[in-house]
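Report on one structure; see the data block that follows.
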Amino acid sequence: MEGRYTQRLADDFYQRSTVEVARALLGKILVHEGAAGVTAGRIVEVEAYLFHNDAACHAARGQTARNAPMFGPPGTAYVYLIYGIHYCFNVVTGAEGEGEAVLVRALEPLVGLEIMAERRGTAAINKVAAGPGNLCRAMAITKEHNGHNLHDPPLYLADDGYVVSELVTTTRVGISAAADLPLRFYIAHNPFISRK
DNA sequence: TGGCAGATTTTA
DNA sequence: AAAATCTGCCAA
């Protein structure tokens, strides 16, 4: 149990294009050592948001107080509140000064299943961390993690050697602008994704 | 300074 | 289909 996900992603993991990082994040582990205990899950679904030619990206119109973390160094957390209710967790990518990020949309719960189920109010394992809002709820990720360096506890990314067998590329969910861009990626046939 | 849209989720 | 509920951002 302890030490299983200690192989944290190093800085050079993020030293490549946002799309490459997004695809590489599939299969990696998101770990949160929270007050209620450790929760962790495998990333099975992500979306890329690009600085250039992507009107759906929060940073598309330049830097503001809200999207500032997106312009920070890659490997930073960008967490924001959407619809006044749900948090969305992103991994900042792209060079410093370039507002890009990868939205993590779904996890396969691996550690702390009971904690996650209680936070979510459901024990349905394939729905506990499916969808960006639900994922943050299950993992207790909030605005306080905004700007956090994802190399360090309590919130970090790890690699357990898992290899993705088949990767699917589709258009992103829930956006009106740039809805035709193929920037959503998920593990094929995975039962934990938020939707087909 | 106010109004509105939004990378969602659940069912009032 | 529509509500729940917050806030950054720009003038609908």
Side-chain angles (χ1 to χ4, degrees), chain A residues 17-26 28 30 39 41 43-72 74-94 98-109 116-148 150 155 157 168-187 190-196:
Chain A
S17 77
T18 292
V19 168
E20 287 178 290
V21 174
R23 298 168 68 100
L25 278 172
L26 291 176
K28 299 301 184 291
L30 178 63
T39 50
I43 297 172
V44 300
E45 178 185 349
V46 299
E47 286 178 358
Y49 286 85
L50 309 179
F51 192 34
H52 298 290
N53 305 310
D54 180 6
C57 180
H58 285 179
R61 293 187 214 186
Q63 185 168 345
T64 65
R66 180 209 201 189
N67 64 28
M70 293 183 76
F71 291 83
T76 299
Y78 169 48
V79 183
Y80 66 91
L81 185 67
I82 189 66
Y83 299 114
I85 304 176
H86 307 286
Y87 286 107
C88 290
F89 168 73
N90 298 253
V91 177
V92 172
T93 53
E98 222 177 17
E100 309 207 325
V102 176
L103 170 70
V104 179
R105 291 189 53 91
L107 302 177
E108 170 189 355
M116 291 194 241
E118 183 179 343
R119 286 171 180 157
R120 285 276 292 110
T122 176
I125 191 67
N126 62 326
K127 295 187 176 127
V128 163
N134 288 335
L135 178 159
C136 285
R137 182 96 184 279
M139 294 288 288
I141 294 172
T142 69
K143 198 157 193 168
E144 74 184 63
H145 300 104
N146 192 30
H148 173 74
L150 290 170
L155 188 65
L157 290 160
V168 179
T169 302
T170 64
T171 54
R172 295 171 294 183
V173 175
I175 54 172
S176 52
D180 56 328
L181 298 182
L183 294 175
R184 174 170 176 252
F185 310 100
Y186 63 87
I187 298 176
N190 188 284
F192 300 96
I193 61 177
S194 65
R195 44 170 288 189
K196 303 269 184 183

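Here is the naming used below: chain letters follow the sequence lines, and residue numbers restart at 1 for every chain. Quick caveat, the model's predicted, so the values are computed rather than measured.
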Quick one: label A:Arg120 by what it contacts on the DNA or RNA (base, sugar-phosphate, nothing), any heavy atom closer than 4.0 Å.
-> sugar-phosphate

Touch check for A:Lys143, heavy atoms < 4.0 angstrom, all strands: base, sugar-phosphate only, or nothing?
-> sugar-phosphate

For A:Arg172, which residues count as a salt bridge (charged side-chain N to carboxylate O under 4.0 Å, His left out) partner, sequence neighbours excluded?
-> A:Asp54

Table please: side-chain donor-acceptor pairs of residues 75-84 of chain A below 3.5 Å, with sequence neighbours left out.
residue : atom : partner : partner atom : Å
A:Thr76 : OG1  : A:Pro73 : O            : 2.7
A:Tyr78 : OH   : A:His58 : ND1          : 2.7

Just how far, in rounded Å, is [atom2] of [N] from [atom1] of [X]?
| X | N | atom1 | atom2 | value |
| --- | --- | --- | --- | --- |
| A:Lys127 | B:dT10 | NZ | P | 10 Å |
| A:Phe51 | B:dA7 | CZ | C1' | 18 Å |
| A:Tyr49 | B:dG6 | OH | P | 12 Å |
| A:Ile193 | B:dT9 | CD1 | P | 14 Å |
| A:Arg119 | B:dT9 | CZ | P | 17 Å |
| A:Arg137 | C:dA4 | CZ | P | 17 Å |
| A:Leu135 | B:dA7 | CG | P | 17 Å |

Heavy-atom closest pair (A:Asn67 atom, A:Gly62 atom, distance to 0.1 Å) is ND2-O, 3.0 Å

If you look at every heavy atom in A:Ala138 and A:Arg120, which pair is closest and at what distance?
-> CB-CG, 3.8 Å

Non-hydrogen side-chain atoms of [X] and [Y] separated by less than 4.5 Å:
| X | Y | answer |
| --- | --- | --- |
| A:Ile187 | A:Ile193 | no |
| A:Glu47 | A:Pro132 | no |
| A:Leu30 | A:Leu155 | yes |
| A:Leu150 | A:Phe89 | yes |

Among residues 74-82 of chain A, which residues get a heavy atom nearer than 4.0 Å to DNA chain B?
-> A:Tyr80, A:Ile82

List the residues meeting side-chain hydrogen bond (donor to acceptor under 3.5 Å, both in side chains) with [X], not counting sequence neighbours, and say none if there are none.
| X | result |
| --- | --- |
| A:Glu20 | A:Ser17 |
| A:Thr170 | A:Arg184 |
| A:Ser194 | A:Glu45, A:Arg105 |

Among B:dA7, B:dT10, B:dG6, the one nearest A:Ser176 by side-chain distance | B:dG6

Could you pull out all residues at least two apart from [X] that satisfy ring-ring contact (aromatic ring centres under 6.0 Å, His included)?
| X | result |
| --- | --- |
| A:Phe192 | none |
| A:His86 | none |
| A:Tyr87 | none |

With nearest nucleotides of DNA chain C determined for A:Arg66 and A:Tyr83 from heavy-atom distances, which residue corresponds to the more 5′ nucleotide?
-> A:Tyr83

Contact residues, residues 84-93 of chain A to DNA chain C [heavy atom, < 4.0 Å] = A:Gly84, A:Ile85

For atom P, what is the distance between C:dT5 and B:dG2, given to the nearest Å?
-> 23 Å

Same-atom distance (C1') from C:dA11 to B:dA7, integer angstrom | 24 Å

Can you tell me which stems involve DNA chain C, if a stem is defined as three or more consecutive Watson-Crick or G-U wobble pairs, both distances under 3.5 Å?
-> B:1-6 with C:6-11, B:8-11 with C:1-4

Give me the distances for all protein-to-nucleotides 10-12 of chain C N/O pairs that come in under 3.5 Å?
none

